[in-house]
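To start, the structure itself, in C-alpha cells.
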Amino acid sequence: MTAHQKDLQANVTPELLVQRARDMVPYLKEAAFRHEEERVIAKETVAMMQEAGFFRVLQPKRWGGFEMHPQVFFDVQQALAEGCMSTAWIYGVIAVHNWQIALFDLKAQEDVWKDDTSVLIASSYMPVGKVEPVEGGFKFSGRWAFSSGIDHCEWVFLGGVVPPTKDNPNPDYRTFLVPRSDFKVLDTWHTFGLKGTGSNDVVVEGCFVPEYRTHSSLDGFRGTNPGIDSKTIPLYKIPFGQLFPRAVSGSTIGATQGAINAYREVAAKRVGTNTGAKTAEDPHAQMAVARAQALVDSLKLRLRTIFDELMTDARAGRATDMTKRIQFRFESANVPEQCLAEVLEMQKMVGGRGIFTNSPLQRFALDILAGRSHVANNPYQFGRNYGGVQLGLESTDFFL
C-alpha cells in the first residue's frame, strides 16, 4: 500500500464521503442530460467518484480500501441518485464488486489490484456461460447482456454453471473473473431508462479462467468463501445475496428523493393553464409529495436497520436467521415497485409540462421503471417465496 493510500484511509470519514456525494448533485443534475445522450456515464464523472474515494468504501484495507459499514455505501449511492440515477446505478454495481472480490482467493485479488488498486470490475451474472473444465481451471465462452458501466472497467464478473461431476453431482453456479484482454464489448444499450449506464453486452470466446478466479454461489450462501478477509473481517461475512440485490435497488430510493425535489420545484409554482388553479393548493398534489417523502424516509430507516442487524450477526460470527434473510430479500426487491408508484403519482400532478424529455421528473420515473425491470427487483418472485415460507413451505431461493 502506498503512503497516499494510507493517508486516504486515515483521513476519510463516512461523513466526508457522503458530503462529497451531496456536493456532486448539482453537477450530476446537469450531466444527466449528457449521460442520456451518450448512453454512458462520462469519464470525468467516474474520475470525480474515483477522486472522492467512493469506490473504496467496501474495498478491503489491504488494497487501499476503507472497509466501512455498508450503510456508508448506500448513503453515497442515494445521494448520487438525487442528481443522476444512471450514475448511482453504475456506482452501486461497480463499487459492490470491490466487496465481492474479497470473497475470492487472494491470488484473484492480486491479479486485479497488484499494480493499481483503483482498477474497477463490471459484471453480468446471467448464468449463460459455456463452461468446460480443463486442467487448472475452465475454458469459458458466451455472451452476456446488461453489464453496467463496463466501459470504465478492466475486469468483469460473468456467470456460468460448472456441469455436474462424479464428485459433485449438482450443477455449480459460479462467478468467473475475466480480464479486458479476454472479452469484447458490444454496443447494444438503447433503452427508455437508465440510458446513461452503458449496460452493454459482453462477449468471451474460449478464454482460460483459472480455478482460483471463480467464486461459487454456494460459498456465498454458506459463508465458506476462499477469501482470507472473508474469514476474519465482519464486513465480508455478510451473505452475498443480502448485499448485492440492495446495490441494484438502493439507487431507486435516492432517485425518488430526486424526483421529490424536482416535483417541488415545479408544483410549488405551477398554475393550471385552463383552470388557473395553483398546484400547491391541490390536495391530491399535496398528498402525492407527502406520501413520496414518507416512503423515502421509511425505506432509508428500514435499510439502516437491516444492515445494522446483518453486521451485528457478522461481528458475532453467527449466521443471520434464514427466514429473516428471505424477508430482507423480498423487501429489497419491493423497493423499486414502491418508489415507482409514488413517483408516478407526482408525475400525474404536474400536467403536460411533465411529459417533455427535458423534465427531470420524467427521467427519474423512467429510470426507476428501468431499474424495476432488473431480475433482482421482481417483488412477485421473492414475495411469493417469503409468503410460502410463512405458510410452511420450503424456500425456493438460495441466493440469500
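These values consider heavy atoms only, across backbone and side chains, with no hydrogens, waters or symmetry-generated copies.
Side-chain N/O atoms of Q257 and N261 include a donor and acceptor closer than 3.5 Å. Under 3.5 Å, the side chains of W63 and Q109 contain a donor-acceptor pair of N or O atoms. For the residue pair D282/Q286, the side-chain donor-acceptor check at 3.5 Å is not satisfied. Side-chain polar atoms of T252 and R372 form no donor-acceptor pair below 3.5 angstrom. In this structure, a donor-acceptor pair under 3.5 Å is present between the side chains of Q327 and E331. With no hydrogens or angles considered, no side-chain donor-acceptor pair links D397 and Y386 at under 3.5 Å. No side-chain donor from either of T45 and T87 sits under 3.5 Å from a side-chain acceptor of the other.
Annotation: cation-pi geometry satisfied between R325 and F221 (NZ/CZ under 6.0 angstrom from ring centroid, within 45° of ring axis). Both the sub-6.0 Å distance and the 45° axial angle are satisfied by R363 relative to the ring of F33. The cationic atom of R329 (NZ for Lys, CZ for Arg) lies less than 6.0 Å from the six-membered ring centre of F382 and within 45° of the ring axis.
The SG atom of C153 sits 7.5 Å away from atom CD1 of I90, with the distance rounded to the nearest 0.5 Å. To the nearest 0.5 angstrom, T224 atom OG1 is 7.5 Å from L218 atom CG. Going from atom CE of M68 over to atom CG of L58 covers 10.0 Å, rounded to the nearest 0.5 Å. Rounding to the nearest 0.5 angstrom, the gap separating the CG atom in L177 from the CG atom in D182 is 10.5 Å. In this structure, OG in S373 is found 8.5 Å from CG in L194, a value given to the nearest 0.5 Å. Separating the CD atom in Q242 from the OG atom in S332 is a distance of 8.5 Å, to the nearest 0.5 Å.
More than 12 heavy atoms of other shown residues, nucleotides or ligands fall within 6.0 angstrom of atom CE in M322. The 12-atom threshold is exceeded at CZ of F208, counting heavy atoms of other residues, nucleotides or ligands nearer than 6.0 Å. Counting non-hydrogen atoms of other residues, nucleotides and ligands closer than 6.0 Å to NZ of K300 gives a total above 12.
Considering only residues two or more places apart in sequence or on other chains, K29 meets the salt bridge (charged side-chain N to carboxylate O under 4.0 Å, His left out) condition with E265. Taking the side-chain hydrogen bond (donor to acceptor under 3.5 Å, both in side chains) definition, one finds that K130 meets it with nothing, sequence neighbours left out. By the side-chain hydrogen bond (donor to acceptor under 3.5 Å, both in side chains) test, D201 pairs with R143, T188, sequence neighbours left out. With sequence neighbours excluded, the residues that form a side-chain contact (heavy atoms from CB on, under 4.5 Å) with Y91 are M49, F54, F55, V57, F73, V76, Q77, L80, A95. Applying the salt bridge (charged side-chain N to carboxylate O under 4.0 Å, His left out) test to E67 and every residue at least two apart in sequence or in another chain returns nothing. Qualifying side-chain contact (heavy atoms from CB on, under 4.5 Å) partners for L16, counting only residues two or more places apart in sequence or in other chains: T13, R20. Partners of Q71 according to the side-chain contact (heavy atoms from CB on, under 4.5 Å) rule, which considers only residues two or more places apart in sequence or in another chain, are H69, F74, D75, L303, R304. Residues passing the side-chain contact (heavy atoms from CB on, under 4.5 Å) test with T214 are F138, R174, F176, V209, E211, sequence neighbours excluded.
A salt bridge between E205 and K184 is present, with a side-chain N of the basic residue lying under 4.0 Å from a carboxylate O of the acidic one. Electrostatic pairing of E345 and R291 does not count as a salt bridge here, judged by no charged N lying under 4.0 Å from a carboxylate O. Checked for salt-bridge contact, E44 and R34 meet the test: a charged N lies under 4.0 Å from a carboxylate O. Using a cut-off of 4.0 Å between Lys/Arg side-chain N and Asp/Glu carboxylate O, D187 and R39 are scored as salt-bridged. Under 4.0 Å is where a charged nitrogen must lie from a carboxylate oxygen, and between R22 and E82 at least one such pair does.
Contact annotation: the side chain of S124 never approaches that of V156 to less than 4.5 Å [non-hydrogen atoms, C-beta and beyond]. The closest side-chain heavy-atom distance from M126 to F146 is below 4.5 Å.
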For a side chain to side chain donor-acceptor pair (under 3.5 Å) check, start with the C-alpha distance between T320 and D313, then their side-chain angles and the critical distance, and finish with the verdict. CA-CA 6 Å; T320 301; D313 287 344; 2.8 Å; yes

R56 and T117: CA distance, side-chain angles, deciding distance, side chain to side chain donor-acceptor pair (under 3.5 Å) verdict: CA-CA 9 Å; R56 297 183 183 273; T117 60; 3.1 Å; yes

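Of the possible polar contacts, one joining the W113 side chain to the V119 backbone as a donor-acceptor pair under 3.5 Å is found. Judged by distance alone, with hydrogens and angles left aside, the side-chain atoms of H35 form no donor-acceptor pair with the main-chain N or O of M85 at under 3.5 Å. In this structure, S217 contributes its side chain and Y173 its backbone to a donor-acceptor pair below 3.5 Å. Using a distance-only test at 3.5 Å, with no hydrogens or angles considered, a donor-acceptor pair links the side chain of N200 to the main chain of W189. Using a distance-only test at 3.5 Å, with no hydrogens or angles considered, no donor-acceptor pair links the side chain of E36 to the main chain of K195. Put simply, the side chain of Y263 gets close to the backbone of A285: a donor and an acceptor are under 3.5 Å apart.
A parallel orientation is assigned to the rings of H97 and F244, their planes being inclined by less than 30° (bins at 30° and 60°).
Members clustered with V203: L186, by chain and number, using a 4.5 Å side-chain heavy-atom cutoff among hydrophobic residues. Under the 4.5 angstrom side-chain criterion for Ile, Leu, Val, Met, Phe, Trp and Tyr, the cluster partners of I355 are F356. Hydrophobic cluster membership of V40, counting Ile, Leu, Val, Met, Phe, Trp and Tyr whose side-chain heavy atoms lie under 4.5 Å apart directly or via other members: none, as it forms a cluster of its own.
For residues 280-300, the set of pairs meeting the ring pair (Phe, Tyr, Trp, His ring centres under 6.0 Å) definition, not counting sequence neighbours, is empty.
Summarising the geometry of S249 relative to V335, their closest heavy-atom pair is O-CG1, 3.8 Å, with the distance given to 0.1 Å.
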